Number of protein chains: 2
Amino acid sequence: MAEIGQLAGVSQVTVSRALSSPGKVSPETLKRIEDAIARTGYVPNAVAGALASRKSNLIAALVPSVTNIVYASVLHAFSEIMWGHGYQIMLSETGLQPDREEKAIAALLSRRPDAILLTGVHHSAQARRMLLNAGIPVVEIWDMSDTPIDCCVGFSHSDAGRAAADFAVQWGYETAATITAGDDRALRRRDAFTSRFETVTRSKVQAMDFDVPATLGLGREAMAKLIELSLPPRSVVFCSSDQFAQGALVEAGVRGLTVPDDVAVIGFGDQEYAASSAPALTSVRIDRQVLGRTAAEALLTRFSEGPGAHLVKDIGFQIIRRQSA
Amino acid sequence: MAEIGQLAGVSQVTVSRALSSPGKVSPETLKRIEDAIARTGYVPNAVAGALASRKSNLIAALVPSVTNIVYASVLHAFSEIMWGHGYQIMLSETGLQPDREEKAIAALLSRRPDAILLTGVHHSAQARRMLLNAGIPVVEIWDMSDTPIDCCVGFSHSDAGRAAADFAVQWGYETAATITAGDDRALRRRDAFTSRFETVTRSKVQAMDFDVPATLGLGREAMAKLIELSLPPRSVVFCSSDQFAQGALVEAGVRGLTVPDDVAVIGFGDQEYAASSAPALTSVRIDRQVLGRTAAEALLTRFSEGPGAHLVKDIGFQIIRRQSA
DNA sequence: TCGCGAGATGTATGCGCATACATAGCTTAA
DNA sequence: TTAAGCTATGTATGCGCATACATCTCGCGA
């Protein structure tokens, strides 16, 4: 920056000003500085800037996995907005091991981000401590909490599970099974579904659980087992993701079962292909665009309005009825 | 850090040493320092560290889109390895507008990453200049180049397109169509496929192009149009992604066509569901795990061996024949 | 006994910026 | 005419660390 100043015949601070508030520099000086920058290919050192100003324009984000489209698309919507406001995103994945979260949080916080986005609302005591200590805005997404660290944008997974059960009962399904993978939130949906469905119908809900990420292949496997264990007529299968649901549909088709008459399927997430598959998939829709955007907006108002604004927003969900149930 | 030092009865440097090379401080001192850190919840300021040491332990990554599983999974494999070596990833998306790449590169470089990962090998002159200027290792992935900026890990898209055409000819398909979306690389595969197929069979290859990301729904639409335009028997459809291929399969099924006898489909990417769909999808496999890992390893050896090692690696591809073609 | 080397710790300094404060040259209204 | 105010720029300083170099304390062999 000092070098640019020399080239333009001004001091370092004038260059700094030219970059951060061009209005404060005379037009001629500004032009000379811009020329010098263009000539040298100078790129400001944001690290030094962040150290000096205690503002990094960085947002840290922690998601279970980027390869899960569901998390990726929320992240995408979130970063689009933050990027538009001059923020960059620093990403980390926690994967399946929750103990990685603590290390990841520490690593992210060491970069002194201006805010941090977390997936889920359950964090270790040490993690909460570090977050509080950091003194920056925090958004927790994908879930609701009675004790949010700061901002929180999501929906109730228990409500979603219960709503799916009510939906199934309402459309006359008398027995049910679940196919569930992974995280704590999927398990809460399953539990709420099962509990409600069993209470209302007095029938036992069969559970197929996996502790690896959901895939179409596993969905087929699970459905195959359920069919072999004899799935009574008027059965519905509640899946923790559309991937499983899609697999269940494929397996039912291959075995010559008619959907939804022989077996019905409810997915979760309402991914793009849900509407286009054959039969089209009934699914619980979470508006991921809205989720990401709302999280971004929560942070932005939190930035402008200070620590007073603890924004908590329930974005809800919606059961989209198509052909599969 | 100075505060921690006070608590532990040592100076700031000793704390610094305790964190970066614990072997250089006596066990008792180390313990007192660790206690103080645990008590206060201190998180080192990596920004200051990076400024002082000119080493950020940050890797910048630029991908077209995180919501495209194909890019996301490579990124995932890449970050797993880099994370294991103490590096963090800073991500940016270029989206569909290539002019965003320049801005994104500048923004990323301003954080002074230790290396940068780019998708594709075509960059503007200004972008190349900034990258060269930054003086850090660069890996370009997903493609091969005669003039790589530094390291390059990928495969030839033209070869892949030609191989698909040869495969189609070999299995007796006499006419072909393509469904293509998006990037420059998909277009090159399409062109190579078309050119080779037309040369060998002397039949015209019909092209369905989209300039939005591929989805199952669009694949169905494209297939519907192709069928309505009358697809002769012994036809094969070469898709730029498995999403399209899956959609084509669904549409063919809905219309009562038999795959591959009435129409055959070749996908690209060999995503997880390709093997599990019904009929199972024939697809060009790119080992995304290997791609990500190889890129990471290229950077790591580049770090240890200096600017001499311009690593270029062709990871190739493989046509996986299943039921759809 | 003395000196020497190794281990443990400390002092001084600067990384490249942003910020607070100071200054110089103008304009404007009383 | 002059003080006040405004614009454009400059000087000094410190953000929180890592690094080079200095210092001190031992233990050990000559």
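Since we're looking at a predicted model, the values are computed, not measured. Quick note on labels: first sequence line is chain A, next is B, and so on, each numbered from 1.
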With sequence neighbours excluded, tell me which residues meet ring-ring contact (aromatic ring centres under 6.0 Å, His included) with Tyr87(A). Phe303(A)
Using side-chain contact (heavy atoms from CB on, under 4.5 Å) as the criterion, list what pairs up with Thr29(B), not counting sequence neighbours. Val10(B), Thr14(B), Ser26(B), Arg32(B), Ile33(B)
Identify whether any heavy atom of Val47(B) sits under 4.0 Å from a base atom; if not, whether one sits that close to sugar-phosphate; answer base, sugar-phosphate or nothing. nothing
Using the test salt bridge (charged side-chain N to carboxylate O under 4.0 Å, His left out), find all partners of Arg185(A) that sit at least two apart in sequence or belong to another chain. Asp183(A)
Cationic N near anionic O, under 4.0 Å, Arg100(A) to Glu80(B): yes
Just jot down the side-chain contact (heavy atoms from CB on, under 4.5 Å) partners of Leu7(B), sequence neighbours excluded, or say none. Ala36(B), Arg39(B), Thr40(B)
side-chain contact (heavy atoms from CB on, under 4.5 Å) with Arg54(B): which residues, sequence neighbours excluded? none
Can you give me the bend angle of the helix from dT1(C)-dA30(D) to dA30(C)-dT1(D)? Use the axis through the first five pairs and the one through the last five, nearest 10 degrees. 50°
Would you please name every residue forming a ring-ring contact (aromatic ring centres under 6.0 Å, His included) with Phe155(A), sequence neighbours left out? His157(A)
Please tabulate, one pair per line, all N/O donor-acceptor pairs under 3.5 Å involving side-chain atoms of residues 104-115 of chain A, not counting sequence neighbours.
residue   : atom : partner   : partner atom : Å
Ser110(A) : OG   : Ala107(A) : O            : 2.7
Arg111(A) : NH1  : Ser56(B)  : O            : 2.6
Arg111(A) : NH2  : Ser56(B)  : O            : 2.8
Arg111(A) : NH2  : Asn57(B)  : O            : 3.2
Arg112(A) : NH1  : Leu109(A) : O            : 3.1
Arg112(A) : NH1  : Val43(B)  : O            : 3.4
Arg112(A) : NH1  : Pro44(B)  : O            : 3.4
Arg112(A) : NH2  : Val43(B)  : O            : 2.8
Asp114(A) : OD1  : Ser56(A)  : N            : 3.1
Asp114(A) : OD1  : Ser56(A)  : OG           : 3.2
Asp114(A) : OD2  : Lys55(A)  : NZ           : 2.9
Asp114(A) : OD2  : Ser56(A)  : N            : 3.4
Asp114(A) : OD2  : Asn57(A)  : N            : 2.7

Can you list everything that forms a side-chain contact (heavy atoms from CB on, under 4.5 Å) with Ser73(B)? Sequence neighbours excluded, please. Thr67(A), Arg288(B)
Using a heavy-atom cut-off of 4.0 Å to chain B, what are the terminal contacting nucleotides of DNA chain D, in 5' to 3' order? dG16(D) to dT19(D)
Which residues pass the side chain to side chain donor-acceptor pair (under 3.5 Å) test with His76(B), not counting sequence neighbours? Glu93(A)
Where along residues 15-29 of chain A does a heavy atom come under 4.0 Å from DNA chain C, residue by residue in number order? Ser16(A)
